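Notes follow the structure.
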Amino acid sequence: MNSTAYPIVEVKEVTKQYKVRVGLFRKVPFYALLKVSLAILEGEIHGILGESGCGKSTLGRIILDLEKPDWGDVRWFGLSVRNLSKENYKSLRPKIQAVFQDSYASLNPRLKIRDILQEPYLLNYPHHKKKVAEIIREYLHRVGLSEDYLDRYPHQLSGGQRQRVALARALLTKPSLIVLDEPTSALDMTIQSQILQLLKELQSQYNLSYLLITHSLPVALEIADRITVMYLGRIVESFPRTLFNQVRHHPYTLLLFKSYPDPFADTPPDISDLSGEPASPLNRPVGCDFSPRCPEVAEICFKKHPLLQDREPLHKIACWKR
Amino acid sequence: MPILEVKNLSVGSADGRVILKNLSFFLEQGEILGILGESGSGKSLTALSLLRLLPANLKILSGEILFDGKDLVKLSSEELQHLRGKDISIIFQDPLSSLNPVLKVEEQLKEVLHHHLLIKGDTAKALILKTLREVGISDPEFRLKSYPHELSGGLRQRIMIAMSILCAPKLLIADEPTTALDLTLQMQIIELLKELNSKLGLSILFITHDLGVLRWLAKRILVYYQGQIVEVASTEKLFNKPCHPYTQLLFSSYPGKEKALPFSRRVDVADPIRGCDFWSRCVHSCERGLVQSPPFFEVEPGHKVRCFLYEFNGLSNCRS
């Protein structure tokens, strides 16, 4: 990544609304995402950190065009997704790929690994029929599996191996960006570390960008170049990893850092400021979303929600007290 | 005297597959003992065998589970019925599936008291309200009227903990109780368990794969690998000097840690190894481990390792 890197994907003021049924007839709208803007640069590993229900997976799905935003705009390579012509969409779609947490659910249980890998490749490169076997073998090797696995079914593979197959499949269409939604959360720690290592290698080899969606601080710190923290559907802070603990972080970010039990730290996690649970998006506080739990809360925090603003070059934060 | 002592416990299936191999450990009165292991290592199965709640295809092959002077393996099912939930209680990862979805919280909690202690009516309610406050629920009257699905994950787990300590048990088994919770909630539950331990003297067996949680909660840790305990030490000693090659691999796999150990080669699992279970992944893969399963070697008082590296010279062979 360098300073002239251009954005692969831009998300501009995206709002996503869902409705939940309350009782028999009443439907209540809530906002899964509220005016979220971010850019994923070429060659960047962009980590999205947040607790469950903060909208991080919805953001991933909107970037993948699996969901349409209700307001706002998503741009792939500078082009607004909603206005793409059919041909353009067809040529850009394979450039944005996804790997999900549950590798078992994302691989068709009735297909052999060979077919799972062949299908998306032939769909995008129908004229490469002769080469396909060779290319599949090459990618399988690249993710650390031998070709013996080609004739197996997903259930015959372990979780780590299946996640490698999912990665190989994503790579086959030569993507620029892979959205990784909790790619290692279901894996054992020794396997997680191998997959993270592999992700790093592939990223530098193919100059990929990743959107890494995770709830795990150590995972984000291990591989992300930039970390964006979300709370209740909004971005509260975004900073380059190099500025971790170098700037005044958002009170919520601080809470996450402090309450994280680091097994190799010298002191136990400090949870003196910890209270309450994340508010529900159905029942959003007036003012700042974090105000009911914030240890530094002031009067203005209960009145108006702070906007995400640049505090330092590359450091964005949404807080009245920063 | 330890409140719980497990001696040479083996659990397996009828067709001869042994899943828990010769486990021996003890839990002191008022201690928090941690079991650390990856999925499939047998840590949850240990919890289930302690309560004799094993799935139908598995049974205790041999060994003793001494709790409070009684051997749980020999108790009749009626005697066990009386013990479970009263003297030994357990909380699981998913509180929603542990609670009855069609009963209000109040009824579920009252049932426990009635069944075990024959307490009913206002006395029961007063005790329940007191316990709910103890586990940090601020508006217990209101929560008692709720159904489980109306509560958040953190609250549900607090209700489960309240239910498990209602009858003042001597031992609480916690099987990954914080894994399904968000980080900020997880630490609140951990803090609560610590508090119950120090205030009520509750002995806790805490099972998890989460290194960070155990580091700051448990006093001693058992490291599991494939149904065996491979290392036992106090938390301090284990984190200062992990000795077993598996523990070392586990610790160095933690995100952000130096990857000190090279990735070990893998041997096809179809080819069973007679010796050490970790042999195929071990960086040392000693010749003896191939044919012989290592016993425990004590490297320093209270710190035992199941690895031939430590047969002589104790800690001096530990490279970490």
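Numbers restart at 1 for each chain; the letters A, B, ... are given by sequence-line order, proteins then strands. Small disclaimer: the values here were computed from a predicted structure and weren't measured.
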Checklist outcome for this item: One should read off an interatomic distance between B:S41 OG and A:D188 CG, to the nearest 0.5 angstrom, of 8.0 Å

Item to check | CA sep, side-chain torsions, deciding dist, call: B:E38, A:T190, side chain to side chain contact (heavy atoms under 4.5 Å, CB included) | outcome: CA-CA 9 Å; B:E38 295 185 288; A:T190 46; 2.9 Å; yes

Item to check | Donor-acceptor pair, side chain of A:E51 and main chain of B:T184, under 3.5 angstrom | outcome: yes

Item to check | Other residues, nucleotides, ligands: >12 heavy atoms within 6.0 Å of B:E236 CD | outcome: no

Could you pull out every donor-acceptor pair under 3.5 Å between side chains of residues 133-140 of chain B and any protein atom, sequence neighbours left out?
residue: B:D139; atom: OD1; partner: B:R143; partner atom: NE; Å: 3.4

Item to check | chain A contact via B:L217 - which portion, at a heavy-atom distance below 4.5 Å | outcome: neither

Item to check | Min side-chain heavy-atom separation B:L183-A:H215 under 4.5 Å | outcome: no

Checklist entry - Once you round to the nearest 0.5 Å, how far does OG of A:S193 lie from CG of B:L250? => result 10.0 Å

Checklist entry - Got a sec: does the NZ of A:K27 have more than 12 other heavy atoms crowding it under 6.0 Å? => result no

Checklist outcome for this item: Rounded to the nearest 0.5 angstrom, the CE-OG distance for A:M189 and B:S39 is 12.0 Å

Item to check | Residue-level interface, residues 255-267 of chain A with chain B, non-hydrogen cut-off under 4.5 Å | outcome: A:L255, A:L256, A:S259, A:Y260, A:P261, A:D262, A:P263, A:F264, A:A265, A:D266, A:T267

Next on the checklist: Quick check for you: to the nearest 0.5 Å, what is the distance between B:E191 atom CD and A:I271 atom CD1?
Outcome noted: 4.0 Å

